[in-house]
Amino acid sequence: MGSELSPKDVLLRDRFQHAAETSSKITALRGLIAATERHATRKYVHPEREARLPSSIWCTGVRDIDGALPEGGLSREGLHEFSGEQYADMPVASAYLLAVLRRFADLEPASPSRYVLWCQTVRTEREFGAPYGAGLREFGFDPQRFLFVSSAKNNDVLWALEEGARAGSLLAVVGEVDTISFTQTRRLSLAAAAAGTPVLLLRSDQDRAASAAETRWRVQAASGVSDRLVSTVPGHARWQIALNRCHGGRPGNWTVEWENEAHCFRLVEDLCARSSEMAEAQFPRPCMRLASG
């Protein structure tokens, strides 16, 4: 029979069919993997957050600082770290953090999620104290809108921070921790991105360890001036801030002044220049007339 295939031809045919089926399966598998990766990288938006997606940028209001930040402001869905230039500067860093948080709170005045979760270890509370009502009111906050958590264990505080960020029902999450590893900062960063809740971290360790934070700030007090009306009363708070790290931005150093009434930052250099101009306008230099003859 001329139409019959030899055993060798049958073997070759079977091998070709098997190869074709395997290639088809591999192609289908590659398509499935690609679809899975696209779904995994697609940003998740918490259901409670869909109705309150912000349109404005979380900015400091200072052009020089915002120009150094990606997209002209801080990320609402990221981890931001604050620390003192020295160990004793941690209360100063806390004040700057509250000012930055105040700027964020002003962007969502109609948001129902007005509560702030503030977590700290017992050691940081003993070393630097805890926020109190009068101080929070100075920054324009209602103390009743703060939820305070304190624990003797550093890991318990980190757990509370991550769960609070993932809840998606808070305005922001603030944490004061003793130490934190890169993996733990990565978990907090992912939790912030998942629910769109910013995590602000106060770090008292001075080792400058690696971190997944989008921005890292170092703060110290700056010399201020007395009140314009009463010379014996301190004026606005001033800080020297350093943006040491910024994903997609550039580092920088500035001296800023915080105005509690207006909830805004001012560059001290601009204030000094403005004061000089006003003084020049009020007290112009006398014109010197040349003697003749």
Side-chain angles (χ1 to χ4, degrees), residues 52-85 89 92-111 113-114 116 131 135-142 145 171-174 192 196-202 213-225 227-228 234-278:
R52 57 182 182 89
L53 283 175
S55 57
S56 55
I57 299 174
W58 179 12
C59 60
T60 66
V62 178
R63 183 175 56 184
D64 291 356
I65 300 177
D66 294 331
L69 298 170
E71 300 182 359
L74 294 166
S75 170
R76 296 167 174 257
E77 304 165 349
L79 170 65
H80 306 281
E81 290 186 1
F82 303 80
S83 62
E85 183 63 32
D89 292 323
V92 181
S94 301
Y96 176 67
L97 181 150
L98 280 171
V100 173
L101 182 59
R102 178 69 263 176
R103 293 285 303 176
F104 177 67
D106 288 340
L107 296 177
E108 298 185 347
S111 171
S113 304
R114 302 295 291 173
V116 176
L136 294 175
R137 290 190 183 94
E138 279 293 313
F139 287 91
F141 289 110
D142 181 359
R145 292 293 181 175
L171 177 68
V173 176
V174 181
T197 302
V199 178
L200 310 181
L201 199 63
L202 279 165
E214 295 194 13
T215 61
R216 302 185 76 174
W217 303 84
R218 299 189 77 84
V219 189
Q220 62 179 332
S223 299
V225 295
D227 187 83
R228 290 176 295 178
H236 297 298
R238 289 185 176 183
W239 306 300
Q240 291 181 1
I241 59 174
L243 179 59
N244 290 343
R245 177 171 178 169
C246 180
H247 290 176
R250 62 179 185 276
N253 295 271
W254 305 272
T255 301
V256 296
E257 182 177 279
W258 173 253
E259 296 187 10
N260 287 333
E261 297 81 5
H263 299 167
C264 65
F265 292 103
R266 306 288 187 204
L267 270 185
V268 172
E269 292 82 356
D270 294 345
L271 292 173
C272 294
R274 193 180 309 166
S275 299
S276 299
E277 293 175 358
M278 292 177 63

task: Kindly indicate whether the side chain of Ile65, heavy atoms from C-beta on, has any atom under 4.5 Å from the side chain of Phe265.
output: no
- prompt: If you measure from NE2 on His263 to CZ on Arg102, what distance do you get to the nearest 0.5 Å?
  reply: 5.0 Å
field: Passing candidate, side chain to side chain donor-acceptor pair (under 3.5 Å) with Arg216, options Glu81, His247, His80
entry: Glu81
- prompt: How long is the gap from CG on Leu98 to CZ on Phe141, to the nearest 0.5 Å?
  reply: 6.0 Å
task: Identify the residue among Val173, Val199, Leu200 that makes a side-chain contact (heavy atoms from CB on, under 4.5 Å) with Leu79.
output: Val199
- request: Taking Arg218 for its side chain and Asn244 for its backbone only, find out whether a donor-acceptor pair lies under 3.5 Å.
  value: no
Phe104 six-ring centre to Arg76 NZ/CZ under 6.0 Å and within 45° of normal: no
message: Looking at every heavy atom in both Leu107 and Trp58, which two are closest together, and how far apart are they?
response: CD1-CA, 3.4 Å
- prompt: Of the non-hydrogen atoms in Ala68 and Cys246, which two are nearest, and what is the gap between them?
  reply: O-SG, 4.1 Å
- prompt: Is the backbone of Gly61 close enough, under 3.5 Å, to the side chain of Asp66 for a donor and an acceptor to pair up by distance?
  reply: yes
query: Which pair of non-hydrogen atoms, one from Gly135 and one from Phe139, has the smallest distance, and what is that distance?
result: O-CD1, 3.3 Å
query: Does some side-chain heavy atom of Leu201 sit less than 4.5 Å from a side-chain heavy atom of Phe82?
result: no
message: Nearest 0.5 angstrom please: Ser223 OG to Gln240 CD, how far?
response: 7.5 Å
- request: Could you list the residues that satisfy salt bridge (Lys or Arg N to Asp or Glu O under 4.0 Å) with Arg103, not counting sequence neighbours?
  value: none
query: Below 4.5 Å, heavy atoms only, C-beta onward: do Val256 and Ile241 meet side chain to side chain?
result: yes
message: If you compare all heavy atoms of Arg245 against all heavy atoms of Ala213, which two are closest, and at what distance to 0.1 Å?
response: NE-O, 4.3 Å
- request: State, to 0.1 Å, how close Asp89 and Val219 come at their nearest heavy-atom pair, and which atoms those are.
  value: CB-O, 3.6 Å
